[in-house]
Participant: 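Encoded as structure tokens, here's the structure I'll be asking about.
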Protein chains: 2
Amino acid sequence: MEERKKQVLNAIIKDYIANAEPVGSRAVAKKYGLGVSPATIRNEMSDLEEEGYIEQPHTSAGRIPSAKGYRYFVDHLMERERLTSAQLKAVRQAMRGEVSEMEEFMRSCCNMISQLTHYTALVAMPEQGRGTLENIQLVPVSDHQVLVVLLASTGIIRHKLIELPMEVKSDDLAYIEQKMRQHLCGKEIKAISYEMLRDMLADYQIREKMAEQALELIEQTLTKETAHKIFTGGVMNMLSQPEFRDIDKLKSMFALIEEDDKLEKLLNSADSDRLTVTIGGEMPVEGVEDCSMVVANYFVNGEKAGSIGVLGPTRLNYGRTVSMMEFIASELSRVMSDKDDKNNKNK
Amino acid sequence: MEERKKQVLNAIIKDYIANAEPVGSRAVAKKYGLGVSPATIRNEMSDLEEEGYIEQPHTSAGRIPSAKGYRYFVDHLMERERLTSAQLKAVRQAMRGEVSEMEEFMRSCCNMISQLTHYTALVAMPEQGRGTLENIQLVPVSDHQVLVVLLASTGIIRHKLIELPMEVKSDDLAYIEQKMRQHLCGKEIKAISYEMLRDMLADYQIREKMAEQALELIEQTLTKETAHKIFTGGVMNMLSQPEFRDIDKLKSMFALIEEDDKLEKLLNSADSDRLTVTIGGEMPVEGVEDCSMVVANYFVNGEKAGSIGVLGPTRLNYGRTVSMMEFIASELSRVMSDKDDKNNKNK
DNA sequence: GATAGCACTCTCCCTCATCGAGTGCTAACA
DNA sequence: TGTTAGCACTCGATGAGGGAGAGTGCTATC
């Protein structure tokens with residue numbers, strides 16, 4: 001694409017992102033010193049429209065970027081925005097939280113992201129398959145109830161009260177606990193299988209039923225339930241976006257955000273290692289055609305651990321948001337890797 | 001108030017609740033067979049307006065109920081609506097959940113309420129001061145970290161990872177755990193004080209610092225943090241209410257719902273033992289003048305344990321909502337009292 | 001190739017007239 | 001005295017008409 005056309009496209013997109021209103025040739029010529037007259041800009045714009053980068057809401061309005069236009073912008077024109085010291089500080093502040101309480105930590109990250117970006121934040125917990133089972137604790141609650149507490153090396157802590165079909169004496173419980181620890185602690189979580197636990201307990205001939213339930217819990221809580229847990233924050237930020245002044249649009253978008261599996265699909269659609277920008281129709285689920293998404297992954301000791309993302313209108317401030325997400329993801333990776341190292345050293 | 005005037009007021013309110021549009025004299029005369037002409041109704045309406053029960057948005061519109069009108073309606077005219085068998089079933093279904101996992105249970109109640117009423121549900125966890133500390137467990141995580149797990153007789157389970165300022169050997173930990181159990185289990189939670197724990201540990205001369213942190217945790221998690229935890233559900237239901245078609249109204253209302261302390265104030269404003277209906281301006285916080293609230297308390301063995309409520313527009317379907325909330329609260333009381341009994345028997 | 005000029009298009013906004021729902025008042029009626 | 005029919009009146013909603021203004025596309029000119 002010729003240099004001037006790029007500049008015109010750049011100007012249109014920047015202006016539209018800032019003001020949410022169609023941009024005319026005059027405005028481009030005036031505000032973004034290209035040194036040519038509006039008429040010249042008009043010719044360029046006409047070309048850009050023909051090529052599908054911009055469109056006209058109606059004949060006598062200015063132009064707005066199309067999805068293709070945003071895509072070109074993100075790929076070729078966009079400049080990262082330097083974060084202000086206040087923003088850097090806010091990120092680092094949120095990272096100071098206790099990483100060991102993973103859920104709490106993720107929640108606060110989520111809030112920080114939404115406050116910083118003014119969009120809706122999506123944060124996926126670190127993948128649970130990763131890491132090892134650190135500790136397992138069985139706490140007697142009553143004759144028929146046992147509280148199972150699980151600790152994973154990733155910092156996830158889970159508890160669940162399980163009802164037992166028979167009475168279990170606390171001596172037995174201690175024995176089972178010990179056996180479970182011997183066999184399971186230090187194992188990769190994804191390697192722990194139903195069969196494995198059953199076999200182990202078959203050897204010892206104790207309390208098969210309970211073992212089954214306990215294992216079910218391990219699988220459920222450490223893999224299924226929480227593996228896919230996605231925190232959302234700043235959903236209400238959407239209310240301030242002019243593109244969502246329409247209640248029906250809001251409704252369909254909020255409905256989507258409440259569906260965990262769709263959110264997951266959204267976040268996981270960006271599974272490349274690098275930061276990913278998804279624009280409008282590129283989204284893998286229905287109902288967010290007016291939205292764009294920026295997703296960054298975070299890594300623990302070089303291995304992908306999870307994703308963070310923001311969802312906003314296609315008129316997203318890509319430059320700013322991309323910078324922020326990159327920085328946040330790198331900080332997150334750093335903090336969580338530190339934590340991981342410390343964990344490994346402690347053992 | 002004369003009988004016919006009551007009937008007119010009743011008709012106006014019922015109609016407005018159903019259709020969200022000003023009600024004219026003709027509509028009242030026609031749909032609600034009072035056997036008199038619109039002109040007669042007009043006279044009654046004129047009186048009702050003078051007395052402040054209804055108002056006119058503008059001269060040539062019908063009448064809408066005022067807050068005073070709703071109040072009279074709720075106090076004198078409203079008929080409870082019988083729940084359908086499907087509704088009864090839905091409530092009982094939600095109650096079948098595992099009560100022992102209190103938070104999960106409350107969350108599901110919250111969802112059930114919002115789905116059933118189509119309004120926003122507010123559910124306050126059982127008060128934490130109530131009940132006793134059942135068990136306390138210290139799980140070593142690393143040299144400097146201990147996971148403290150607390151069980152309360154009310155079914156609340158809490159865990160928290162605490163960082164220790166010094167290394168603690170697992171033998172020491174076991175000892176501390178034992179001492180804590182001896183001294184704290186079975187005690188009323190609200191009776192456990194900072195001083196109490198400190199004194200106890202001063203006797204044994206061990207690990208004061210850790211004790212302090214542990215106690216802080218007990219206080220924090222069992223009283224402060226969760227005592228005031230309020231679940232919300234169905235916030236998005238508000239989007240379907242015509243009175244919230246205005247984005248700004250939505251914004252201010254959502255902002256309020258995100259403030260936990262204001263929510264608490266709302267729920268607690270109805271501290272009488274009976275079910276309470278709060279209408280518009282009667283609300284104890286700013287920004288919900290267009291809303292009404294129905295709050296019911298639930299009881300465990302005769303003692304008030306917590307509250308459930310719904311928040312909707314003043315044009316709330318009071319008859320239906322009141323019936324529902326009464327039924328749900330009574331079921332909740334029953335289920336939780338059962339659980340309590342079972343707990344006490346197990347010991 | 002760039003630009004100035006100009007006719008053209010379309011939205012936005014204002015005004016005006018009409019329509020209809022609903023009222024309040026008055027006079028008549030039971 | 002309470003009820004009703006009739007009627008004039010009010011006021012919002014709706015839609016047509018008419019600038020004003022923004023922005024375009026086209027053409028002729030530099």
Side-chain angles (χ1 to χ4, degrees), chain A residues 1-16 18-66 69 242-243 245-246, chain B residues 1-16 18-66 69 242-243 245-246:
Chain A
M1 198 185 285
E2 306 92 83
E3 190 51 38
R4 200 175 55 194
K5 218 144 122 193
K6 283 188 193 173
Q7 287 181 356
V8 172
L9 182 57
N10 197 13
I12 291 173
I13 293 183
K14 270 187 179 169
D15 200 85
Y16 187 68
N19 306 314
E21 263 162 33
V23 191
S25 55
R26 222 179 109 79
V28 173
K30 219 174 173 182
K31 285 198 232 167
Y32 305 81
L34 302 192
V36 292
S37 77
T40 313
I41 304 287
R42 277 208 287 283
N43 290 328
E44 302 283 14
M45 283 165 95
S46 190
D47 287 0
L48 282 169
E49 183 168 13
E50 213 164 286
E51 292 158 42
Y53 294 106
I54 55 180
E55 35 196 53
Q56 253 181 317
H58 53 263
T59 330
S60 80
R63 304 304 213 289
I64 58 172
S66 67
E243 23 273 285
R245 221 172 290 155
D246 178 19
Chain B
M1 198 185 284
E2 308 91 82
E3 191 51 38
R4 198 175 58 193
K5 220 145 124 194
K6 283 188 193 173
Q7 286 179 356
V8 172
L9 182 57
N10 197 12
I12 291 173
I13 293 183
K14 272 188 178 168
D15 201 85
Y16 188 68
N19 306 315
E21 263 162 32
V23 190
S25 55
R26 222 180 108 78
V28 173
K30 219 174 173 181
K31 284 198 233 168
Y32 306 81
L34 302 192
V36 292
S37 77
T40 313
I41 304 289
R42 275 206 288 283
N43 289 330
E44 302 284 13
M45 284 165 95
S46 190
D47 287 0
L48 282 168
E49 182 167 14
E50 213 163 286
E51 291 159 41
Y53 293 106
I54 54 180
E55 36 195 52
Q56 255 180 317
H58 53 263
T59 330
S60 79
R63 305 304 215 289
I64 59 173
S66 67
E243 22 273 286
R245 221 173 289 156
D246 179 20

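The sequence lines fix the lettering, A, B, ..., with proteins before strands; numbering per chain opens at 1. Note that these values count all heavy atoms, side chains included, but never hydrogens, waters or copies made by symmetry.
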Participant: Expressed in angstrom and rounded to an integer, what is the separation of Glu49(B) atom CD from dG22(C) atom P?
Facilitator: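 The distance from CD of Glu49(B) to P of dG22(C) comes to 15 Å, rounded to the nearest Å.
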Participant: Using a cutoff of under 3.5 Å, can you pull out all pairs of nitrogen or oxygen atoms linking the protein to nucleotides 5-9 of chain C, with atom names and distances?
Facilitator:
residue : atom : partner  : partner atom : Å
dG5(C)  : O6   : Arg42(A) : NH2          : 3.3

Participant: Could you state the NE2-P distance from His58(A) to dT24(D), rounded to the nearest angstrom?
Facilitator: 10 Å
Participant: Could you tell me the separation between the CD1 atom of Ile54(B) and the P atom of dG22(C), rounded to a whole number of Å?
Facilitator: 14 Å
Participant: Roughly, in whole Å, what's the span from CZ in Arg63(B) to C1' in dG22(C)?
Facilitator: 9 Å
Participant: I'd like to know if Arg4(A) and Glu44(A) make a salt bridge, using a cut-off of under 4.0 Å between side-chain N and carboxylate O.
Facilitator: yes
Participant: What is the separation between atom NZ on Lys31(A) and atom P on dA22(D), rounded to the nearest whole Å?
Facilitator: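 Result: 13 Å.
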Participant: If you find the nucleotide of DNA chain D closest to Ser37(B) and the one closest to Val23(A), which residue's nucleotide is nearer the 5' end?
Facilitator: Ser37(B)
Participant: So, does Glu2(B) use its side chain to make a donor-acceptor pair with the main chain of Lys5(B) at under 3.5 Å?
Facilitator: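 It does not hold such a pair.
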Participant: Starting from the 5' end of DNA chain D, give me the residue, Arg26(A) or Asn43(B), whose nearest nucleotide shows up first.
Facilitator: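 Per heavy-atom nearest nucleotide, the more 5' residue is Asn43(B).
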Participant: Calculate the interatomic distance between Arg4(B) atom CZ and dT4(D) atom C1'; express it in whole Å.
Facilitator: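 In whole Å, dT4(D) C1' lies 11 Å from Arg4(B) CZ.
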Participant: Just how far is it from atom CD1 of Ile12(B) to atom OH of Tyr53(B), taken to the nearest 0.5 Å?
Facilitator: 13.0 Å
Participant: Which pairs of donor and acceptor atoms, one on a side chain in residues 22-29 of chain B, lie under 3.5 Å apart (sequence neighbours left out)?
Facilitator:
residue  : atom : partner  : partner atom : Å
Ser25(B) : OG   : Arg42(B) : NH1          : 3.3

Participant: Between dG1(C) atom P and Glu2(A) atom CD, what is the distance in whole Å?
Facilitator: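 About 11 Å, once rounded to whole Å.
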Participant: Any chance the side chains of Asn19(B) and Asp15(B) put a donor and an acceptor closer than 3.5 Å?
Facilitator: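 Per modelled atom types, Asn19(B) and Asp15(B) side chains form a pair under 3.5 Å.
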Participant: What's the closest nucleotide to the Thr40(B) side chain, out of dT3(C), dT3(D), dT24(D)?
Facilitator: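 Nearest to the side-chain atoms of Thr40(B), counting from C-beta on, is dT3(D).
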Participant: Quick one: Asp47(B) CG to dT3(D) P, roughly how many Å, whole number?
Facilitator: 11 Å
Participant: What nucleotide among dG24(C), dG25(D), dC11(D) has an atom nearest to a side-chain atom of Gln56(B)?
Facilitator: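 Looking only at side-chain atoms, Gln56(B) lies closest to dG24(C).
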Participant: Counting side-chain heavy atoms from CB outward, which of dT23(C), dT4(D), dT3(C) is closest to Met45(B)?
Facilitator: dT23(C)
Participant: So, taking the atom named CD1 in Ile41(B) and the one named NZ in Lys30(B), what distance separates them when rounded to the nearest 0.5 Å?
Facilitator: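 Answer for the CD1-NZ pair, Ile41(B) versus Lys30(B), is 13.5 Å.
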Participant: Would you call Glu55(B) and Arg63(B) a salt bridge, using N to O less than 4.0 angstrom?
Facilitator: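 Looking at Glu55(B) and Arg63(B), the cut-off is not met.
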Participant: Can you figure out which of dG25(D), dT3(C), dT3(D) approaches the side chain of Val36(A) most closely?
Facilitator: dT3(C)
